[in-house]
Amino acid sequence: MPTSLRHSAVHPHAADFLATTPRLSPALVRALSPFDMLVVPGLFGSDEDHWQSIWEDVFRGHGLSIKRIEQENWSHPTLSEWQAKLEQTLEASRRPVLLIAHSLGAILSVHHGLKHPASPVAGALLVAPADGEQSGGPDAARLASFLPLPNKRLPFPSTVIFSQNDPWLTPTRAHQLAGKWGASLLDAGYIGHIGNNSGVDYWPLGLNALHSLALTCHAGQMPAHA
């Protein structure tokens with residue numbers, strides 16, 4: 001996989017946050033620069049320590065185009081309302097879009113791709129898709145309107161990243177869903193649901209996966225709306 005993340009050299013007396021601020025590789029910046037990137041959070045949203053939020057800050061610092069879907073209700077989602085927000089945001093895009101989706105946001109992204117095959121989405125990073133069909137967690141009922149899960153091949157390249165100990169998605173189901181969606185598959189190890197409490201920080205493995213996805217999309221970029 002491409003090397004996407006390098007830590008910047010800093011003066012020893014610089015503030016602590018500068019010492020941990022990464023510098024994206026020029027190759028990654030070049031790969032992402034033709035796209036509008038769109039962060040698609042899942043249930044309850046993504047807090048400031050979530051890798052999605054960290055990526056937003058880092059990408060903006062490198063002059064890359066990135067936005068976030070803002071839902072009206074993060075705790076009690078409905079597919080129709082979440083789809084409407086996603087579609088509204090995509091309508092404003094003038095370049096191919098890379099979706100950076102987590103959990104229920106990944107499921108939303110798959111629903112969108114199958115409903116709107118001609119949308120400006122060029123590719124999707126689907127991290128820890130929330131399996132509302134087989135998860136027995138206390139919040140599983142909140143996902144009812146997103147069921148059944150889509151089971152057809154997506155019209156754009158995608159990558160599913162899963163964790164070995166994710167309470168929302170077993171490795172077996174990750175393989176099954178990736179196969180149905182025509183997605184590549186990446187094992188992230190033992191990092192839970194890869195969300196607000198995962199502690200992955202800037203998550204280099206995820207950045208590498210996004211880099212690979214962007215390179216895959218270059219050959220077949222879908223035109224944005226005129």
Side-chain angles (χ1 to χ4, degrees), residues 1-7 22 24-25 27-28 31-32 37-44 46-47 49-56 58-59 98-111 113-114 121-137 139-140 143 146 149-154 156-218:
M1 279 191 175
T3 300
S4 303
L5 183 68
R6 300 185 299 194
H7 283 280
L24 301 180
S25 71
L28 176 58
L32 298 180
M37 286 171 287
L38 182 58
V39 170
V40 190
L43 186 66
F44 305 125
S46 298
D47 65 21
D49 294 324
H50 197 292
W51 58 269
Q52 286 182 319
S53 301
I54 294 171
W55 283 13
E56 281 187 75
V58 173
F59 289 174
L98 290 180
L99 300 179
I100 300 174
H102 175 249
S103 190
L104 190 58
I107 301 301
L108 171 65
S109 299
V110 176
H111 275 293
L114 295 176
V121 175
L125 190 70
L126 307 171
V127 178
D131 183 6
E133 291 181 343
Q134 295 195 7
S135 173
D139 292 312
L143 278 57
F146 290 75
L149 295 182
N151 61 4
K152 296 181 180 180
R153 188 179 184 87
L154 287 167
F156 45 71
S158 61
T159 299
V160 169
I161 303 182
F162 72 99
S163 168
Q164 289 288 336
N165 59 339
D166 185 348
W168 280 101
L169 180 71
T170 66
T172 297
R173 282 289 282 172
H175 280 77
Q176 292 173 350
L177 293 174
K180 292 176 181 180
W181 300 338
S184 62
L185 191 65
L186 180 61
D187 183 344
Y190 290 82
I191 52 176
H193 191 47
I194 324 179
N196 288 328
N197 300 315
S198 65
V200 296
D201 198 38
Y202 298 104
W203 199 29
L205 182 143
L207 285 171
N208 282 333
L210 182 64
H211 191 174
S212 294
L213 177 65
L215 294 176
T216 299
C217 294
H218 276 296

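Numbers for residues simply follow the sequence, beginning at 1.
- Between Leu126 and Ala106, the shortest heavy-atom distance links the atoms CD2-O, 3.8 Å.
- Side-chain contact between Phe59 and Leu207 is present, with heavy atoms from C-beta onward closer than 4.5 Å.
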- Message: Apply side-chain contact (heavy atoms from CB on, under 4.5 Å) to residues Val58 and Tyr202 and explain how you reach the verdict.
- Response: CA-CA 9 Å; Val58 173; Tyr202 298 104; 3.7 Å; yes
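- The two residues Leu185 and Ala174 have their closest heavy-atom pair at CD1-O, 3.8 Å.
- A 4.5 Å side-chain heavy-atom check between Leu210 and Leu32 finds at least one atom pair inside the cut-off.
- By the 4.5 Å heavy-atom criterion applied to side chains, Leu205 and Leu186 are counted as neighbours.
- Side-chain atoms of His193 do not come within 3.5 Å of backbone N or O of Trp168 as any donor-acceptor pair.
- Atom CG of Leu98 is separated from atom OG of Ser158 by 11.5 Å, given to the nearest 0.5 angstrom.
- Ser163 contributes a side-chain N or O that, together with a main-chain N or O of Gly192, makes up a donor-acceptor pair within less than 3.5 Å.
- Two residues are said to be in side-chain contact when any heavy atoms from C-beta on lie closer than 4.5 Å; Ser46 and Asn196 meet this criterion.
- Leu104 CG to Leu143 CG: the interatomic distance, rounded to the nearest 0.5 Å, is 4.5 Å.
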- Verdict with supporting geometry, Phe162 and Leu177, side-chain contact (heavy atoms from CB on, under 4.5 Å): CA-CA 11 Å; Phe162 72 99; Leu177 293 174; over 6 Å; no
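- Judged purely by atom type and a 3.5 angstrom limit, Ser53 has no side-chain atom pairing as donor or acceptor with the backbone of Asp49.
- Counting only heavy atoms from C-beta outward, the side chains of Pro129 and Trp181 approach each other to under 4.5 Å.
- Residues Ile161 and Trp203 form a side-chain contact, since some pair of their non-hydrogen atoms from C-beta on lies under 4.5 Å apart.
- In terms of heavy atoms, Ala27 sits closest to His211 at O-NE2, 3.6 Å.
- Here Thr170 contributes atom OG1 and Asn165 contributes atom CG; the two are 12.0 Å apart, rounded to the nearest 0.5 Å.
- Under a cut-off of 6.0 angstrom, the local environment of CG in Asn197 is sparse, with at most 12 non-hydrogen atoms contributed by other residues, nucleotides or ligands.
- Expressed to the nearest 0.5 Å, how far CD1 of Ile100 lies from CD of Gln52 amounts to 7.5 Å.
- Two residues are said to be in side-chain contact when any heavy atoms from C-beta on lie closer than 4.5 Å; Thr172 and Gln134 fail this criterion.
- Looking at every heavy atom in both residues, Ala124 comes nearest to Phe156 through CB-CE1, 3.7 Å.
- Taken from CG in Asn208 to OG1 in Thr159, the straight-line distance is 12.0 Å, to the nearest 0.5 Å.
- Glu133 places a side-chain N or O within donor-acceptor distance of the main-chain N or O of Leu149, the cut-off being under 3.5 Å.
- Trp51 and His102 have perpendicular rings, their planes meeting at more than 60° on a 0 to 90° scale where under 30° would count as parallel.
- Taking CD of Gln164 as the start and CG of Leu169 as the end, the distance is 10.5 Å to the nearest 0.5 Å.
- Looking at heavy atoms from C-beta onward, Leu154 lies out of side-chain contact with Val121 at the 4.5 angstrom threshold.
- With hydrogens and angles ignored, the 3.5 Å screen pairs no side-chain donor or acceptor of Ser103 with any backbone N or O of Ala130.
- Considering every non-hydrogen atom in both Cys217 and Ala122, the closest pair reads SG-O, 3.2 Å.
- Residues Glu56 and Val39 share a closest heavy-atom pair of CG-CG2, 3.8 Å.
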